[in-house]
Amino acid sequence: MRVFVGKTQETDMGFPSAIFKSEVFGELWLGPEGLEGDEQASPKIHGGAERALLQYPSIHYDWWKIRYPAKRDLFKPALFGENLSDNRWHEKNICIGDIFRWGDAVIQVSQPRSPCYKLSRRTGCDTLALAMQQNARCGWLYRVLQPGTVGAGMPFRFAERISSVTVHEVMSVMFGNETGSLSMRSDDWQRLAETEGLSARWRKTLFRRIESGRIESWDARLTGQGI
């Protein structure tokens with residue numbers, strides 16, 4: 001497991017960001033809201049107890065190189081602001097609620113990452129956030145069940161599975177797939193909302209869909225317009 005942390009800094013993207021992460025090799029403290037030495041520039045959007053850690057599958061970077069060949073040198077671990085990078089796990093074999101033991105800590109998958117316009121600005125690829133969403137190559141977030149000392153050289157082991165709903169399935173139901181097909185079935189939304197381990201924020205969005213029968217707008221998140 002590769003580990004990355006970063007502090008909030010001014011950027012040339014038009015906003016402060018902590019997306020620029022550096023690799024760390026020694027031991028770190030993992031608390032309820034994240035790793036020692038790591039920050040989020042917009043904690044209400046990116047941080048908090050249910051979004052304490054971000055993992056992104058390193059195997060996806062080759063796919064991004066093919067999609068954006070002119071930018072291929074950019075696509076390597078930590079580009080998307082992830083804290084954890086590993087080639088064993090991806091959206092189709094990780095389920096909501098999965099529990100892992102890492103060093104002395106215990107962590108649990110809480111939700112997929114919702115791609116935003118800042119990723120497009122970071123890479124200079126205008127359509128990247130939308131492509132990440134449509135193809136479910138988004139990574140996922142963890143909550144910390146047990147704080148503890150962790151590190152790149154410490155064991156990172158799967159411990160328990162409490163649902164059968166993969167991160168890929170959640171993304172497909174919430175946002176559609178690469179063909180643009182999007183479910184409008186309230187029973188699909190209800191099933192996801194009842195998934196054990198899913199974050200309160202995603203549950204709230206699903207229940208709002210069920211009540212209104214409408215899909216929320218993603219324009220501001222994906223484009224930055226109106227923010």
Side-chain angles (χ1 to χ4, degrees), residues 1-28 30 34-42 45-47 51-94 98 100 102-103 107 109 111-142 150-158 166-168 171 178 221-222 224:
M1 181 67 68
R2 298 178 67 181
V3 183
F4 304 89
V5 300
K7 297 283 191 179
T8 300
Q9 59 183 277
E10 296 298 323
T11 72
D12 59 3
M13 297 184 291
F15 46 80
S17 179
I19 198 171
F20 298 94
K21 308 289 188 187
S22 299
E23 190 164 10
V24 289
F25 301 95
E27 294 183 354
L28 295 170
L30 175 61
L35 287 166
E36 170 190 352
D38 195 49
E39 293 181 349
Q40 294 83 32
S42 305
I45 300 172
H46 294 121
R51 295 172 294 187
L53 286 170
L54 170 64
Q55 183 163 346
Y56 193 77
S58 59
I59 57 172
H60 289 340
Y61 281 112
D62 285 341
W63 185 87
W64 289 109
K65 289 176 183 178
I66 294 170
R67 189 175 184 95
Y68 298 103
K71 302 273 188 171
R72 61 177 298 108
D73 291 344
L74 282 177
F75 293 105
K76 53 190 175 183
L79 176 68
F80 297 138
E82 61 264 35
N83 300 115
L84 305 178
S85 177
D86 186 270
N87 62 9
R88 294 170 294 175
W89 305 99
H90 51 78
E91 292 81 0
K92 290 185 178 181
N93 67 12
I94 284 286
D98 278 358
F100 290 83
W102 180 26
I107 59 179
V109 176
Q111 65 178 66
R113 185 212 198 126
S114 300
C116 76
Y117 71 96
K118 294 180 180 181
L119 295 172
S120 300
R121 298 268 185 92
R122 167 80 166 100
T123 59
C125 302
D126 291 342
T127 59
L128 187 140
L130 178 60
M132 182 180 283
Q133 176 172 291
Q134 289 178 330
N135 290 276
R137 295 175 186 267
C138 53
W140 54 89
L141 293 134
Y142 293 97
V150 297
M154 291 188 172
F156 188 97
R157 298 192 178 102
F158 176 80
T166 66
V167 172
H168 187 277
M171 290 296 287
E178 58 272 16
R221 172 170 56 81
L222 292 173

So, taking the atom named CG in L141 and the one named OG in S114, what distance separates them when rounded to the nearest 0.5 Å?
8.0 Å

Taken in chain and number order and not counting sequence neighbours, the residues that satisfy side chain to side chain donor-acceptor pair (under 3.5 Å) with T127 are Y68

My understanding is that only residues two or more places apart in sequence, or in another chain, count here; which of them pass side chain to side chain contact (heavy atoms under 4.5 Å, CB included) with R122?
M13, I19, F20, L79

With side-chain hydrogen bond (donor to acceptor under 3.5 Å, both in side chains) as the criterion, how do W63 and Y61 come out once you've worked through the C-alpha distance, each side chain's angles and the decisive distance to 0.1 Å?
CA-CA 5 Å; W63 185 87; Y61 281 112; over 6 Å; no

Would the distance check show the side chain of T8 and the main-chain N or O of S17 forming a donor-acceptor pair, the cut-off being under 3.5 Å?
no

K21 bridged to E82 by N-O distance under 4.0 Å:
no

Checking M1 against M154 for the side-chain contact (heavy atoms from CB on, under 4.5 Å) test, could you report, in this order, the C-alpha distance in whole Å, the side-chain angles of both residues, the deciding distance, and whether it holds?
CA-CA 8 Å; M1 181 67 68; M154 291 188 172; over 6 Å; no

I'd like to know if the side chain of Y56 reaches the main chain of R137, judged simply by a donor and an acceptor atom lying under 3.5 Å from each other, with no hydrogens or angles considered.
yes

Tell me whether N83 contacts the main-chain N or O of L53 through its side chain, where contact means a donor paired with an acceptor under 3.5 Å.
no

With heavy-atom distances below 4.5 Å as the criterion, would you say the side chains of F80 and S85 are in contact?
no

Which pair of heavy atoms, one from K71 and one from F75, lies closest together, and at what distance?
O-CD1, 3.4 Å

Rounded to the nearest 0.5 Å, the CG atom of L222 sits from the CD atom of Q134 at a distance of 9.0 Å

Are the side chain of D86 and the backbone of R88 linked by a donor-acceptor contact shorter than 3.5 Å?
yes

Does N93 have any side chain to side chain contact (heavy atoms under 4.5 Å, CB included) partners at least two apart in sequence or in another chain, and if so, which?
W89, H90

Non-hydrogen side-chain atoms of L84 and F156 separated by less than 4.5 Å
yes

Side chains of I107 and L30: closer than 4.5 Å at any heavy-atom pair?
yes

Can you check side-chain contact (heavy atoms from CB on, under 4.5 Å) on L128 and S120, steps first, answer last?
CA-CA 5 Å; L128 187 140; S120 300; 4.0 Å; yes

Considering residues at least two apart in sequence or located in another chain, which fulfil the side chain to side chain contact (heavy atoms under 4.5 Å, CB included) criterion with V5?
V24, L28, L35, D38

Keeping E91 on the side-chain end and T166 on the backbone end, is there a donor-acceptor pair under 3.5 Å?
no

For the pair R221 (side chain) and P115 (backbone), establish whether a donor and an acceptor sit closer than 3.5 Å, ignoring hydrogens and angles.
yes

Between R113 and Q133, is there a side-chain donor-acceptor contact under 3.5 Å, judged purely by atom types and distance?
no

Once salt bridge (charged side-chain N to carboxylate O under 4.0 Å, His left out) is applied, do any residues pair with R72, and if so which ones, sequence neighbours excluded?
none

Mind listing the closest non-hydrogen atom pair of M132 and C138 along with its distance?
CG-CA, 3.7 Å

Could you grab the distance from atom CD of Q55 to atom CD1 of I94, nearest 0.5 Å is fine?
6.5 Å

If the condition is side chain to side chain contact (heavy atoms under 4.5 Å, CB included), which residues does N87 pass it with, not counting sequence neighbours?
S58, I59

What is the distance from atom SG of C125 to atom CG of L119, rounded to the nearest 0.5 Å?
10.5 Å

Under 3.5 Å donor-acceptor, D98 side chain and V109 backbone
no

One pair to check against ring pair (Phe, Tyr, Trp, His ring centres under 6.0 Å): W102 and F158. What are the steps and the verdict?
CA-CA 9 Å; W102 180 26; F158 176 80; over 10 Å; no

